[in-house]
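I have placed the structure first, in the form of structure tokens, so that the comments after it can refer back to it.
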Amino acid sequence: MQELGEWFHNLDLNGVPTAPAHFLGDYPNVQWTQFACAIPEDLQGASVLDVGCNAGFYSIEMKRRGAGRVLGIDSDPTYLAQAKFASEVCGNPIELRCMSVYDVAALKERFDWVLFLGVLYHLRYPLLALDLLHDHVVKDSLVFQSMQRGSRQIDPLQHDYSFDETSIFDSPGFPKMHFVEQSYSHDPTNWWVPNRACVEAMLRSAGFTIEAHPEDEIYICRKRSA
Ligand SMILES: C[S@@+](CC[C@H](N)C(=O)[O-])C[C@H]1O[C@@H](n2cnc3c(N)ncnc32)[C@H](O)[C@@H]1O
């Protein structure tokens, strides 16, 4: 386990924790327990794509719920090696591929459930990623999470505004994305941090309907039919 580098996911590998000193606690278990009930207990026969799977925590949980095909993709081979090791030790081996979210069209396959958790704010082109997921791999459901900062207020939005209307941009509930030029939380890959209104507006804009919001940062979405 130690030879595979520093772990971000705290997994229980036969009683050995992989990241016991995680700065977010028993992560991602603390988050999963908040929304596990929003995903069917029985995923028998369902296909799952876990985008930015890291060490495979969520992929393994989907396997445990009976999902047939679970494919985890991540752009970092170090995390994929951890996911391979962890899923095998847990007895739930998952299929893994080193791939960026920007390349999902190459999969030429749609999945019943697509997990896109904790990746959006690491991207320089976040809306492009959502569009690509919608257009190429989501068959029905998207489970989404993003770090959020700023106001949690949500303003009702009009279809259009006149050029003279400038005050809406100062309202805390208007969709806003904060750009991090250097680094946030010691992580230079934290590029964009949306407020809540922005997360919801982006999901809608990419063609998703928000069906459930079981935890502050988690959204269960359905693909909107054209
Ligand atoms: C904060 S971790 C989230 C891991 C996991 N999805 C979770 O919610 O616990 C972000 C993960 O996204 C991966 N990632 C970053 N940019 C990516 C990209 N362009 N395509 C695919 N994965 C990416 C990172 O390597 C990392 O494993």
Side-chain angles (χ1 to χ4, degrees), residues 4-12 17-20 22-36 38-39 48-64 67 70-87 90 94-107 111 113-138 141-149 180 183-194 199 206 214-221:
L4 292 173
E6 200 170 321
W7 292 62
F8 175 73
H9 276 173
N10 189 38
L11 292 150
D12 179 350
T18 55
H22 198 293
F23 75 108
L24 292 171
D26 181 14
Y27 189 86
N29 205 38
V30 279
Q31 191 165 55
W32 172 231
T33 51
Q34 302 292 309
F35 73 96
I39 295 184
V48 177
L49 175 66
D50 185 1
V51 179
C53 63
N54 200 270
F57 176 93
Y58 288 110
S59 294
I60 293 167
E61 290 302 327
M62 297 301 106
K63 268 277 184 196
R64 284 190 177 135
V70 178
L71 173 62
I73 65 169
D74 203 290
S75 54
D76 188 331
T78 304
Y79 289 135
L80 289 168
Q82 294 178 355
K84 181 174 181 332
F85 177 73
S87 65
C90 294
I94 47 179
E95 198 181 326
L96 297 158
R97 212 183 282 190
C98 192
M99 176 182 259
S100 167
V101 62
Y102 299 125
D103 298 323
V104 289
L107 291 172
F111 297 78
W113 289 85
V114 173
L115 312 185
F116 190 46
L117 303 164
V119 184
L120 183 102
Y121 50 91
H122 289 297
L123 303 174
R124 285 181 69 91
Y125 310 102
L127 195 54
L128 172 62
L130 276 178
D131 286 346
L132 289 169
L133 292 175
H134 177 275
D135 291 352
H136 297 283
V137 287
V138 176
S141 305
L142 174 81
V143 185
F144 175 87
Q145 185 266 339
S146 173
M147 168 166 66
Q148 298 177 13
R149 291 292 182 268
V180 181
S183 184
Y184 178 65
S185 188
H186 317 298
D187 185 343
T189 76
N190 283 328
W191 288 110
W192 291 100
V193 194
V199 166
E215 193 258 359
D216 249 13
E217 295 183 344
I218 300 277
Y219 292 87
I220 313 288
C221 307

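Values reported hereafter were calculated over all heavy atoms of this structure, with side chains retained and with hydrogens, waters and symmetry mates removed. Ligands are counted one by one from 1 in listed order, and the atoms in each one are counted from 1 as well.
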Using heavy atoms and a strict 4.0 Å limit, residues surrounding ligand 1 turn out to be F8, H9, Y27, G52, N54, Y58, D74, S75, D76, Y79, M99, S100, V101, L117, G118, V119, Y121, H122, L123
State which residue, out of F57, W7, F8, fulfils the ring pair (Phe, Tyr, Trp, His ring centres under 6.0 Å) condition with Y27.
F8
Tell me yes or no: between the side chains of Q145 and E217, is some donor less than 3.5 Å from an acceptor?
yes
Ring centroid separation Y58 to F35 under 6.0 Å:
yes
Any side-chain heavy-atom pair of [X] and [Y] under 4.5 Å:
X    : Y    : value
P194 : S146 : yes
L71  : L107 : yes
W113 : M62  : no

